[in-house]
**Student:** 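Supplied in structure tokens, the structure appears directly below.
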Amino acid sequence: MRRTVFNEDHEAFRETIRDFIAAEVVPYYDEWREAGQAPREFYKKLGELGVFGIEVPEEYGGAGETSFKFNAVITEETARAGVSFGGSSVHTALCLPYLLKYANEEQKRRWLPSFVTGDMMTAIAMTEPGTGSDLAGMKTTAKLSEDGTHYVLNGAKTFITGGVLADRVLVCARTAPPTPEDRRGGISILVVDTTSEGYAVGRKLEKLGLKTSDTAELSFTDVKVPVEDLLGEEGKAFGYLAHNLPQERLGIAVGAYAQAAAAVRFATEYVRDRTVFGQPVASFQNTKFVLADCKSEVDAMQAVVDRALDAHDAGELTAADAASAKLFTTERAAVVIDRCLQLHGGYGYMMEYPIARLYADTRVNRIYGGTSEVMRSIVAKSMGL
């Protein structure tokens, strides 16, 4: 069936991204995996290509596009090639929406031009040791100084993707204690300069998958953050975080679908070339049936993703819609990728094969951005249950 979610501009952009991946990512990807991160100079190349400025208004150096579909194209093409753009997805998909919506004019002029070029890389720090998905339980504090010129930030964060190379980190912290009536109140976002005294990058975390994205622990010891670097209003951050979650979850759903589609492609190519018992693996009925089932699953995921992309561009994607899309695609992608790995036999367990990397990378989709259990709760609540 003809896919209608993308127009000619999206497809032209797809060709540009595909060529860029072939020239600037694939030849060096194994080196990045060994290093545990993409090199900083690669982010400058993404800036030169215009990837970071797609949704940034023209007055700040961007292209001024409002469609999330360009980001979806990047996700599909990186999955198709079995690679990633390191931790840069956090820079654009997670951090940028907060800066665009909640930064004031002075902050936008100060931050966005270097955001677009890749001279200022960003990350967002929400999760803390021991709190997991319970953001209202965060312990990191930011107390206003007596003269009112700065906040004093203390605490720790973990699982911060992009945290090793970031120049600015959007840190969620308590500027007021919670109350029995409102555990979610009193949380603010500070855009912290990572060169500040007392700011420290702790362990670079060793992950099961996503080996080219730098993920770290962060700590703050009496870090002075100018009041001019408060994002939005003090104490309103929980609402800001909730506002961006549908897009974040849509991005994860797109990634899960794209990974599953790539897995079917990798498996199809492999079974055509691999010979067992004197004949191609593709000739066995079991192989055909498994891949047919996987193809039908991918078709269903694509339909869900495309509908969600259209709804998001129209401003109609609800929290429940996004949760449903994320739940379905991430759960089914795990099944599809597992079946495609099985068709590779022992080679599917070798990290030199892209299917093995996909298997490891896709596991986190059911955890970050809200676990599958949280997604089920959101969907059930929308049903009145």
**Student:** Could you tell me which non-hydrogen atom of Val169 sits nearest to which non-hydrogen atom of Ala125, and how far apart they are?
**Tutor:**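 Val169 and Ala125 have their closest heavy atoms at CG1-CB, 3.8 Å.
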**Student:** Testing the basics here: between Ile355 and Gly348, what is the closest heavy-atom pair and its distance to 0.1 Å?
**Tutor:**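 The pair with the smallest heavy-atom distance is CG2-CA, 3.9 Å.
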**Student:** Evaluate whether atom NZ of Lys224 has more than 12 neighbouring non-hydrogen atoms of other residues, nucleotides or ligands under 6.0 angstrom away.
**Tutor:** no
**Student:** Take Asp338 and Leu341 through the test side-chain contact (heavy atoms from CB on, under 4.5 Å) and record every step on the way to the result.
**Tutor:** CA-CA 5 Å; Asp338 182 77; Leu341 186 150; 5.6 Å; no
**Student:** Specify whether Tyr347 and Tyr353 have parallel, tilted or perpendicular ring planes, treating 30° as the upper limit for parallel and 60° as the lower limit for perpendicular.
**Tutor:**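 Geometry flag for Tyr353 against Tyr347: tilted rings.
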**Student:** I'd like to know if the side chain of Asp182 pairs up with that of Thr179 as donor and acceptor (distance under 3.5 Å, no hydrogens or angles considered).
**Tutor:**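 There is no such pair (donor and acceptor under 3.5 Å, judged by atom type) between the side chains of Asp182 and Thr179.
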**Student:** Report the C-alpha separation of Leu96 and Leu112 in whole Å, then their side-chain angles, then the decisive distance to 0.1 Å, and conclude whether the side-chain contact (heavy atoms from CB on, under 4.5 Å) test is met.
**Tutor:** CA-CA 9 Å; Leu96 182 58; Leu112 289 180; 4.1 Å; yes
**Student:** Could you state the interatomic distance from NZ (Lys326) to CD1 (Ile378), rounded to the nearest 0.5 Å?
**Tutor:**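 Rounded to the nearest 0.5 Å, the NZ-CD1 separation comes out at 9.0 Å.
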**Student:** Do Arg249 side-chain atoms and Gly369 backbone N/O form a donor-acceptor pair below 3.5 Å?
**Tutor:**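 The answer is yes, because a donor-acceptor pair under 3.5 Å joins these two groups.
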**Student:** Let me see the working for Arg265 and Glu269 under salt bridge (charged side-chain N to carboxylate O under 4.0 Å, His left out), right down to the final yes or no.
**Tutor:** CA-CA 6 Å; Arg265 175 171 167 260; Glu269 292 173 353; 3.6 Å; yes
**Student:** Between Glu234 and Tyr151, do the side chains contain a donor N or O and an acceptor N or O under 3.5 Å apart?
**Tutor:** yes
**Student:** Just wondering, are more than 12 heavy atoms of other shown residues or ligands nearer than 6.0 Å to CD in Gln279?
**Tutor:**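 Enclosed: over 12 neighbouring heavy atoms sit under 6.0 Å from CD of Gln279.
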**Student:** With a 6.0 Å cut-off (strictly less than), is the heavy-atom count around CD of Glu106, excluding the residue itself, greater than 12?
**Tutor:**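 Result for CD/Glu106: enclosed.
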**Student:** Which label fits His91 and Phe115: parallel for a plane angle under 30°, tilted from 30 to 60°, or perpendicular past 60°?
**Tutor:**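 Answer is parallel, since the angle falls under 30°.
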**Student:** Is the number of heavy atoms from other residues, nucleotides or ligands within 6.0 Å of CZ (Arg376) greater than 12?
**Tutor:** yes
**Student:** Which other residues belong to the hydrophobic cluster containing Met383, where Ile, Leu, Val, Met, Phe, Trp and Tyr are joined when side-chain heavy atoms lie under 4.5 Å apart, directly or via other members?
**Tutor:** Val379, Leu385
**Student:** Scan side-chain atoms only and decide if Asn365 and Gln259 contain a donor-acceptor pair under the 3.5 Å cut-off.
**Tutor:** yes
**Student:** Do Leu49 and Tyr28 share a hydrophobic cluster, counting only Ile, Leu, Val, Met, Phe, Trp and Tyr and linking them when any side-chain heavy atoms are less than 4.5 Å apart?
**Tutor:**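 In one cluster: yes.
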**Student:** Counting heavy atoms not belonging to Phe159, are there more than 12 under 6.0 Å from its CZ?
**Tutor:** no
**Student:** Thinking salt bridges, do Asp30 and Lys211 make one under a 4.0 Å N-O criterion?
**Tutor:** no
**Student:** Compare all side-chain heavy atoms of Ser372 with those of Glu331 and state whether any distance is below 4.5 angstrom.
**Tutor:**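 Ser372 vs Glu331: side chains touch.
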**Student:** Rounded to the nearest 0.5 Å, how far does OG1 of Thr78 lie from CZ of Phe85?
**Tutor:**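 If we round to the nearest 0.5 Å, Phe85:CZ and Thr78:OG1 are 6.0 Å apart.
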**Student:** Does Thr371 reach the main-chain N or O of Ile367 with its side chain, forming a donor-acceptor pair under 3.5 Å?
**Tutor:** no
**Student:** Evaluate the ring planes of Phe284 and Phe277, with Trp represented by its six-membered ring, and classify them as parallel (under 30°), tilted (30 to 60°) or perpendicular (over 60°).
**Tutor:** perpendicular
**Student:** With distance as the sole criterion, is a donor-acceptor pair present between the side chains of Gln107 and Asp229 under 3.5 Å?
**Tutor:** no
**Student:** Is there a side-chain contact between Val90 and Cys95 (heavy atoms, below 4.5 Å)?
**Tutor:**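 The answer is yes; the side chains approach within 4.5 Å.
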**Student:** Any chance NE2 of His243 has more than 12 other-residue heavy atoms, nucleotides or ligands included, within less than 6.0 Å?
**Tutor:** no
**Student:** Is it the case that the side chain of Ser324 and the backbone of Asp321 share a donor-acceptor pair, with hydrogens and angles ignored and the cut-off at 3.5 Å?
**Tutor:** no
**Student:** Quick one: are Leu165 and Met121 in side-chain contact, heavy atoms under 4.5 Å?
**Tutor:**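 No; the side chains remain at least 4.5 Å from each other.
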**Student:** Counting the benzene-type ring for Trp, do Trp32 and Phe42 have ring centres under 6.0 Å apart?
**Tutor:** yes
**Student:** Do you see a donor-acceptor pair shorter than 3.5 Å between the side chains of Thr212 and Ser84?
**Tutor:**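 Per modelled atom types, Thr212 and Ser84 side chains form a pair under 3.5 Å.
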**Student:** How close do Ala142 and Leu190 get, counting heavy atoms only, and between which atoms?
**Tutor:** CB-CD1, 3.6 Å
**Student:** Which word best sums up how the rings of His344 and Tyr270 line up, parallel for under 30°, tilted for 30 to 60°, or perpendicular for over 60°?
**Tutor:**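 His344 vs Tyr270 ring planes: parallel.
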**Student:** Looking only at atom types and distance, does a side-chain atom of Lys157 sit under 3.5 Å from a main-chain N or O of Cys172, one as donor and one as acceptor?
**Tutor:** yes
**Student:** Counting only heavy atoms not in Glu197, do more than 12 fall under 6.0 Å of its CD?
**Tutor:**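 Counting other residues, nucleotides and ligands, CD of Glu197 stays at 12 neighbours or fewer.
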**Student:** Quick one: is the NZ or CZ of Arg14 closer than 6.0 Å to the six-membered ring centre of Phe6, and within 45° of its axis?
**Tutor:**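 Yes - Arg14 lies over the ring of Phe6, closer than 6.0 Å to its centre and within 45° of its axis.
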**Student:** Is the closest side-chain donor-acceptor distance between Glu128 and Thr158 under 3.5 Å?
**Tutor:** no
**Student:** Under a 3.5 Å distance rule, please check whether Thr75 uses its side chain to pair with a backbone N or O of Asn71 as donor and acceptor.
**Tutor:**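 Yes; at least one donor-acceptor contact below 3.5 Å.
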**Student:** Side chains of Ser67 and Asp313: donor-acceptor distance under 3.5 Å anywhere?
**Tutor:** yes
**Student:** Residues two or more places apart in sequence or in another chain: which of them pass side-chain hydrogen bond (donor to acceptor under 3.5 Å, both in side chains) with Thr175?
**Tutor:**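 With neighbours one apart ignored, the set is Ser188.
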**Student:** Show, in sequence, the C-alpha distance, side-chain angles and deciding distance for Glu105 and Arg109, and conclude whether the salt bridge (charged side-chain N to carboxylate O under 4.0 Å, His left out) test is met.
**Tutor:** CA-CA 6 Å; Glu105 185 60 28; Arg109 295 196 180 279; 2.8 Å; yes
**Student:** Is Asp214 salt-bridged to Lys204, cutoff N-O under 4.0 Å?
**Tutor:** no
**Student:** Less than 4.5 Å apart, any side-chain heavy atom of Tyr240 and any of Glu233?
**Tutor:**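 A side-chain contact exists here, since the closest heavy-atom pair is under 4.5 Å.
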**Student:** In Å and rounded to the nearest 0.5 Å, what is the CZ to CG distance from Arg110 to Leu99?
**Tutor:** 11.0 Å
**Student:** Considering only heavy atoms from C-beta outward, does the side chain of Val171 approach that of Ile189 to under 4.5 Å?
**Tutor:**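 They are not in contact (no side-chain heavy atoms under 4.5 Å apart), so the answer is no.
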**Student:** Under 4.0 Å between a side-chain nitrogen and a carboxylate oxygen: does that hold for Glu41 and Lys45?
**Tutor:** no
**Student:** Calculate, to the nearest 0.5 Å, the distance between atoms OG and CD1 belonging to Ser89 and Ile74 respectively.
**Tutor:** 10.0 Å
**Student:** Enter the distance from Tyr43:OH to Gln37:CD here, rounded to the nearest 0.5 Å.
**Tutor:**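 Here the rounded value is 7.5 Å.
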**Student:** Answer yes or no: is there a side-chain heavy-atom contact under 4.5 Å between Leu153 and Thr140?
**Tutor:**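 In short, these two side chains touch, coming nearer than 4.5 Å.
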**Student:** Taking the side chain as every heavy atom from C-beta outward, state whether Arg174 and Met138 have any atom pair closer than 4.5 Å.
**Tutor:**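 Yes, side chains in contact.
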**Student:** Check whether any side-chain heavy atom of Glu228 sits under 4.5 Å from a side-chain heavy atom of His150, and report yes or no.
**Tutor:** no
**Student:** Might you point out which heavy atoms bring Gly148 and Val227 nearest each other, and give the distance in Å?
**Tutor:**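 Minimum heavy-atom separation between Gly148 and Val227: O-CG1, 3.4 Å.
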**Student:** Does Leu208 sit in a hydrophobic cluster with other residues, and if so which ones, taking ILVMFWY side chains as linked at heavy-atom separations under 4.5 Å, directly or through other members?
**Tutor:**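 Reading the cluster by chain and number, Leu208 sits alone, since nothing else belongs.
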**Student:** Within a radius of less than 6.0 Å around CD of Gln342, do more than 12 heavy atoms belonging to other residues, nucleotides or ligands occur?
**Tutor:** no
**Student:** Under a 4.0 Å N-O cut-off, is there an ion pair linking Lys69 with Glu11?
**Tutor:**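 Salt bridge between Lys69 and Glu11, a charged N being under 4.0 Å from a carboxylate O: no.
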**Student:** Could you tell me if the ring centre of Tyr199 sits under 6.0 Å from that of Phe220?
**Tutor:**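 Aromatic pair counts; centres sit under 6.0 Å.
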**Student:** Kindly compute the distance separating OG1 (Thr268) from NZ (Lys295), expressed to the nearest 0.5 Å.
**Tutor:** 10.0 Å
**Student:** Looking at every non-hydrogen atom in both residues, tell me the closest pair between Val336 and Glu297 and how far apart they are.
**Tutor:**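 It is CG2-CB, 3.6 Å.
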**Student:** If I compare all heavy atoms of Ala263 with all of Leu358, which pair ends up nearest, and what's the gap?
**Tutor:** N-CD1, 3.7 Å
